[in-house]
Amino acid sequence: MNIVLVIDQFDDGNNGTTVTARRYAHELRRLGHRVTILAGGEPAAHKICAPAHKIPFFEKLIESQGMQFAKPDDRAYYEAFKDADVVHFYMPFRFCRRGEELARQLHIPTVAAFHVQPENITSSIGLGKRKNVNRFLYWWFYHVFYNRFRLIHCPSRFIAGQLAAHNYDAELCVISNGVDDAFIPHPEWKAERKPEDVLNVLMIGRLSGEKRQDLIIEAAKRSRYRDRIQLHFAGKGPKEAEYRRLSKGLPRPPVFGFYSTEELVGLINRCDLYIHSSDAEIEGISCMEALACGLVPVISDSVLSATRQFALDERSLFKAGDPSDLARRMDYWFEHPEERLKMEAAYAQKGEEMRVSACVRQADAMYCKAVEEQRKNGYVRPKELKIRRITHPDADRINKRYAKHSPVRRGLTRAFTNLLAVILSVFDSLFLGFSIKGKEHLSSVEGGAVTVCNHVHPMDCTMVKIALFPRLVRYVSLRRNLELPLIGWILKACGVLPLPEHPIRIARFQKELEKGIAAGEWVHYYPEGMLVKYYEGLRPFQPGAFLTAVRANCPVIPLRINYKQPHGPCALWRKRPFLELVVKAPLYADQTLPQKQAALDLMQRTLRAMGGVEEKDPAPGYLSEPEDAPIAGTVT
């Protein structure tokens, strides 16, 4: 399969989410899949870059956490998604939210991962223990992002339980992030440790509030072995300066550092004890790495941390937030080196069960399931799941009413849209340099028609209306667009029709469109699907518009938006090119061919007429569509 992983940050492995994505990409390629990364950062092989997104006032805090956000870029999304079989989104932020919208337009199956625990965010701003704030973030994540998916990848049963408790009603796929094969015990390094040597204590993780490295410092001060303890903190973050101040009373100052994988494996194998003191953790990949190297852990028993699941007995758990209890656990393991050596072998065996290769095979099965369910049900989830979607709630009612439009209602819609066209023609001309060429080709068309255009600007639907003025033009839109504040109301007033998401309802909608065309309406499609601003050339077409024209026995009128560079005084203020819409001569289907072949032939002739390169093969999925094929190409 062609798999796309969408994540804000991929270059620096300074957080668990990025580390997981990089390991999954590597293992998926080993299984024979083609994996493309869509992320911010620097260009690399098999990676498509998006620009960085800077957030005023919060940028320093974000950078201190070792994070960066990517900025939505439609061209980057298109390049990544155009050949994708499935898209995996990692974070619920703006970059992934926009990506999901465009993947939906291209009818690509999607899955999401839950890697951002609300407590990770609230702890950074001093609100980690405010339950109402954390509940709000769970609610917000669901309503802006996670309610769009059938399948959500959960790295642990703990976080799956948290999502279920907060009414996440998708299918929760519990798949561990897994441990890289590089993390293995090295007996020769462990043999170098002697009882009288320094006691090396390690924690791996960001130096941030919810990780609670302060507990380890305080526990070391209270330990009976404080003179021999050497603390190692592998990670970076905003709390480093504070932790250096807290540790001034220790005989041995802690070592702070950020390590490569090879260096980290060596450090783990030379340490005596691993502490995981985090109050909130979705899984705890750093603890898993320590276990896989055979290091005995002492883990916080926080109810908000999944990492406690890795403790083999009570000796490896301490009371969350209690440095005295942590000091007692540390002293026990220091006082019983033979028992510690015995448990190192047990923990190394547990680590073997969590290898990333096995986890990725489970993720592969999840991807196959997403593709199969998308093929069967489109973007509509099975009724028994009772899962809400970001879709227009009145779509079916609007579409039924469309079939029964009275002449009065159609006349009012036509009058309103024509008035808007007059106003928008002034706006488009002044601010976008819009002009029309070839409008004389429209005079020969009688009755209804299908129009198609390349989709390169958010305002190009207004340009189509201006070019076809004063005719009534219907646009087929994604259902979500009709939910937008104010814009959604305008779209409904203009007679825009929300596209159903279930294959059966799409087939019914297709027949309603044919009735409207027979009554003299013009229906407009964007056969490229998603919007890519100022895209040069034409992208592959989807067949829906041409199948509609064949069934309705009406012409297809190609419209092509070209670019003209500003010159003279206009070049001083206009950096983007001016837009020119060219109307081509109407094209008719070859009625001697079967429907699907006629639609394919019409699509290829339209592509040539618009100046595109003819496709050797039909659009993906075309020949496998049922007789009542779904409509493709919508208003974005």
Side-chain angles (χ1 to χ4, degrees), residues 14-16 65-66 119-120 123-124 128-129 193 197-259 264 267-281 284-291 293 295-302 304-308 310-311 314-335 340 343 347:
N14 53 8
N15 64 83
Q65 296 284 355
E119 288 81 4
N120 296 146
S123 295
S124 300
K129 295 184 179 179
R193 299 179 302 189
D197 285 348
V198 171
L199 297 170
N200 292 289
V201 177
L202 172 66
M203 180 173 177
I204 307 168
R206 284 179 295 110
L207 305 177
S208 57
E210 80 278 11
K211 300 298 182 182
R212 298 304 307 271
Q213 284 91 346
D214 59 303
L215 292 175
I216 304 176
I217 296 171
E218 185 60 32
K221 291 179 180 179
R222 300 183 187 186
S223 171
R224 293 193 296 272
Y225 297 86
R226 66 191 305 270
D227 293 337
R228 292 175 56 191
I229 291 176
Q230 175 65 68
L231 299 179
H232 297 267
F233 294 115
K236 57 184 179 180
K239 292 280 189 177
E240 182 173 341
E242 179 182 334
Y243 292 156
R244 288 185 183 276
R245 288 194 300 270
L246 284 175
S247 60
K248 284 185 177 178
L250 288 172
R252 301 175 185 273
V255 177
F256 294 86
F258 189 78
Y259 303 92
L264 191 58
L267 177 61
I268 294 172
N269 275 277
R270 288 184 172 91
C271 283
D272 299 279
L273 204 61
Y274 179 81
I275 311 297
H276 202 86
S277 54
S278 180
D279 282 342
E281 200 76 72
I285 190 170
S286 56
C287 185
M288 295 162 61
E289 293 168 349
L291 267 58
C293 290
L295 193 55
V296 172
V298 179
I299 305 168
S300 169
D301 68 355
S302 171
L304 295 176
S305 174
T307 317
R308 56 182 176 160
F310 300 130
E314 293 296 320
R315 296 174 297 175
S316 286
L317 288 173
F318 76 94
K319 187 176 179 181
D322 188 342
S324 296
D325 191 44
L326 174 56
R328 285 192 294 271
R329 300 297 184 187
M330 292 166 61
D331 289 349
Y332 170 82
W333 290 113
F334 294 150
E335 292 167 358
R340 191 174 75 241
M343 293 305 295
Y347 277 110

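A pairwise comparison of heavy atoms in P253 and P251 identifies CD-O, 3.7 Å as the closest pair. Annotation for F318 and H276: closest pair CE2-O, 4.0 Å, computed over non-hydrogen atoms. Here the shortest heavy-atom pairing between L215 and D322 reads CD2-N, 4.3 Å. R224 approaches D331 most closely through the heavy-atom pair N-OD2, 3.3 Å. Closest approach of Q213 to R206, counting heavy atoms only: NE2-O, 2.9 Å. Minimum heavy-atom separation, S316 to P297: OG-O, 2.9 Å.
Looking only at side-chain heavy atoms (C-beta outward), L273 and V296 come within less than 4.5 Å of each other. The shortest distance between side-chain heavy atoms of Y225 and E335 falls below 4.5 Å. Contact check for L304 versus E210: no side-chain heavy atoms found under the 4.5 Å cut-off. Put simply, the side chain of N200 does not reach to within 4.5 Å of the side chain of R270, judged on heavy atoms. Contact of the V298 side chain with the Y332 side chain is not registered, since no non-hydrogen atoms from C-beta on lie closer than 4.5 Å. At least one side-chain heavy atom of W333 sits less than 4.5 Å from a side-chain heavy atom of M343. A 4.5 Å side-chain heavy-atom check between K221 and L250 finds at least one atom pair inside the cut-off. Counting heavy atoms from C-beta outward, S247 and P254 have side chains that approach closer than 4.5 Å.
Between the CD1 atom of I275 and the CG atom of L295 there is a distance of 9.0 Å, given to the nearest 0.5 Å. I285 CD1 to T307 OG1: the interatomic distance, rounded to the nearest 0.5 Å, is 11.0 Å. Taken to the nearest 0.5 Å, the NZ atom of K319 stands 10.5 Å off from the OG atom of S324. To the nearest 0.5 Å, the span separating CZ on R212 from NZ on K239 amounts to 9.0 Å. With rounding to the nearest 0.5 Å, the separation of CE in M330 from CG in D272 is 10.5 Å.
At a cut-off of 3.5 Å, with distance as the only test, no side-chain donor of S302 or D279 sits close to an acceptor on the other residue.
Checked against C271 for a side chain to side chain contact (heavy atoms under 4.5 Å, CB included), the options L199, V201, L202 give a single hit: L202. The only option from F233, Y259, Y274 that meets the side chain to side chain contact (heavy atoms under 4.5 Å, CB included) definition with I204 turns out to be Y274.
Checked for salt-bridge contact, D325 and R328 meet the test: a charged N lies under 4.0 Å from a carboxylate O. The pair R222-E218 meets the salt-bridge criterion, with a side-chain N (NZ, NE, NH1 or NH2) lying under 4.0 Å from an Asp/Glu carboxylate O.
Between the side chain of R329 and the backbone N or O of L317 there is at least one donor-acceptor pair closer than 3.5 Å. Counting only distance, with no hydrogens or angles, the side chain of S277 and the backbone of I216 share no donor-acceptor pair below 3.5 Å.
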Given E281 and E119, is the side-chain contact (heavy atoms from CB on, under 4.5 Å) satisfied, shown in steps? CA-CA 8 Å; E281 200 76 72; E119 288 81 4; over 6 Å; no
